[in-house]
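A short worksheet on the structure shown next.
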Amino acid sequence: MSTPSFQNALKVPFVEDGMAIGLYGGSFNPPHQGHLHVALTAMKRLDLHMVWWMVSPANPLKDPNQLLSQEERISLSQAIAKHPRIDVTGLETTLGTRYSADLVAHLTEQFPTVRFVWVMGADNLTHFHKWERWEEIVAKIPIAVIDRPGDTLSTRSSRMARKFMHSRVAEADATILKNVKAPAWTFIHAPRVHLSSTALREERSS
């Protein structure tokens, strides 16, 4: 039986008209301080009211046999993301959306007065073009890419960066990203946290 904390996490977080909210999705398998660093950096540099830390039920690009249960990943995320302006949520399970493109379409339609920004670590940008209907995401919502160790240079050659080069917002203007009509994206340099979920999983199994 699932815990009350997990059931609460399946609800859509509180939202008001005009809010600027970062959507930070991922497997978080397991979550770590590097994830928190990305969320806090996005909140500060983009001048966001909230960040929704969205723990996905699954990842079509990853091996499901290596995936902890969503309830466990949410619990671990809640233990790390203890911040009054971060909501850890499993709303994708509630909404029944499998792909990020479906989630973005649903939220932007349901909350047309909310300024959503998609937040991702730079490590995700290099294979972003493999996501289902990735161009739809770029067309619907501004995107903030937060620097991650080893990914600063590779992101410049990513398919998304090349195709939408002229839609890039200068890092110095990152606070206006939430008000810019998509397609729009920015790359934010920040102090790096040398942690990865892959390394943590390998450490657990060794």
Side-chain angles (χ1 to χ4, degrees), residues 1-16 19-44 46 48-108 110-111 114 116-124 127-128 131-132 137 141 143-146 148 193-205:
M1 180 179 295
S2 59
T3 65
S5 178
F6 176 62
Q7 290 300 319
N8 287 333
L10 297 182
K11 300 175 182 177
V12 177
F14 174 77
V15 60
E16 288 184 328
M19 289 183 73
I21 297 175
L23 301 177
Y24 181 34
S27 301
F28 302 107
N29 186 48
H32 52 70
Q33 290 296 321
H35 293 133
L36 179 60
H37 173 69
V38 168
L40 294 176
T41 298
M43 185 187 301
K44 180 180 180 180
L46 302 174
L48 303 173
H49 293 104
M50 298 290 298
V51 170
W52 290 0
W53 179 308
M54 303 180 300
V55 182
S56 62
N59 186 325
L61 297 178
K62 294 184 179 180
D63 182 359
N65 294 321
Q66 295 186 3
L67 198 64
L68 298 171
S69 71
Q70 186 186 32
E71 181 169 2
E72 185 172 1
R73 287 180 286 124
I74 284 177
S75 178
L76 291 170
S77 296
Q78 289 171 332
I80 290 175
K82 292 183 177 180
H83 190 284
R85 290 163 56 197
I86 295 178
D87 273 319
V88 176
T89 175
L91 63 87
E92 288 179 87
T93 295
T94 303
L95 300 178
T97 54
R98 182 181 181 190
Y99 299 111
S100 297
D102 297 321
L103 175 65
V104 168
H106 178 93
L107 292 176
T108 53
Q110 184 173 355
F111 303 107
V114 174
F116 289 112
V117 177
W118 189 266
V119 176
M120 67 167 71
D123 51 327
N124 281 314
H127 56 80
F128 184 52
W131 292 22
E132 185 77 13
I137 301 174
I141 185 173
I143 296 174
V145 182
I146 313 299
R148 289 280 290 144
V193 177
H194 292 267
L195 288 171
S196 74
S197 294
T198 300
L200 290 175
R201 288 195 302 272
E202 292 175 349
E203 184 178 311
R204 281 185 172 187
S205 61

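Please read all numbers here as calculations on a predicted model, not as lab measurements. For the numbers below, each heavy atom of this structure counts, side chains included, while hydrogens, waters and symmetry mates do not.
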Give, for atom [atom1] of [X] and atom [atom2] of [Y], the distance between the pair rounded to the nearest 0.5 Å.
X: Ile143; Y: Met120; atom1: CD1; atom2: CE; result: 5.0 Å
X: Ser27; Y: Met54; atom1: OG; atom2: CE; result: 11.5 Å
X: Gln7; Y: Ile74; atom1: CD; atom2: CD1; result: 9.5 Å
X: Asn29; Y: Glu72; atom1: CG; atom2: CD; result: 8.5 Å
X: Met50; Y: Leu23; atom1: CE; atom2: CG; result: 11.5 Å

Using every non-hydrogen atom in the two residues, find where [X] and [Y] come nearest and quote the distance to one decimal.
X: Gly90; Y: Leu10; answer: O-CD2, 3.5 Å
X: Ile86; Y: Ala39; answer: CD1-CB, 4.1 Å
X: Pro30; Y: Leu76; answer: CB-CD1, 4.2 Å
X: Ala144; Y: Leu46; answer: CB-CD1, 3.5 Å
X: Pro13; Y: Asp87; answer: CB-OD2, 3.5 Å

If you define the side chain from C-beta out and look only at heavy atoms, does anything of [X] sit under 4.5 Å from [Y]?
X: Leu40; Y: Val51; answer: no
X: Phe28; Y: Val88; answer: no
X: Val119; Y: Met43; answer: no
X: His35; Y: Tyr24; answer: yes
X: Asp102; Y: Glu132; answer: no
X: Ile141; Y: Leu107; answer: no
X: Thr94; Y: Lys11; answer: no
X: Leu91; Y: Trp52; answer: yes

Side chain to side chain contact (heavy atoms under 4.5 Å, CB included) involving His106 - partner list, sequence neighbours excluded: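 Counting only residues at least two positions away or on another chain, His106 forms a side chain to side chain contact (heavy atoms under 4.5 Å, CB included) with Leu95, Gln110.
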
Side chain to side chain contact (heavy atoms under 4.5 Å, CB included) involving Ala20 - partner list, sequence neighbours excluded: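 With sequence neighbours excluded, Ala20 shows a side chain to side chain contact (heavy atoms under 4.5 Å, CB included) to Leu48, His49, Arg115, Lys178, given in chain and number order.
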
Derivation of the side-chain contact (heavy atoms from CB on, under 4.5 Å) call for Thr93 and Phe6: CA-CA 11 Å; Thr93 295; Phe6 176 62; 6.0 Å; no

Ser77: partners by side chain to side chain donor-acceptor pair (under 3.5 Å), with sequence neighbours left out: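 Partners of Ser77 by the side chain to side chain donor-acceptor pair (under 3.5 Å) criterion, ordered by chain and then number, come out as Trp53.
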
Ignoring hydrogens and geometry, is there a side-chain-to-backbone donor-acceptor pair from [X] to [Y] under 3.5 Å?
X: Thr97; Y: Tyr99; answer: no
X: Arg73; Y: Pro57; answer: yes
X: Glu71; Y: Thr3; answer: yes

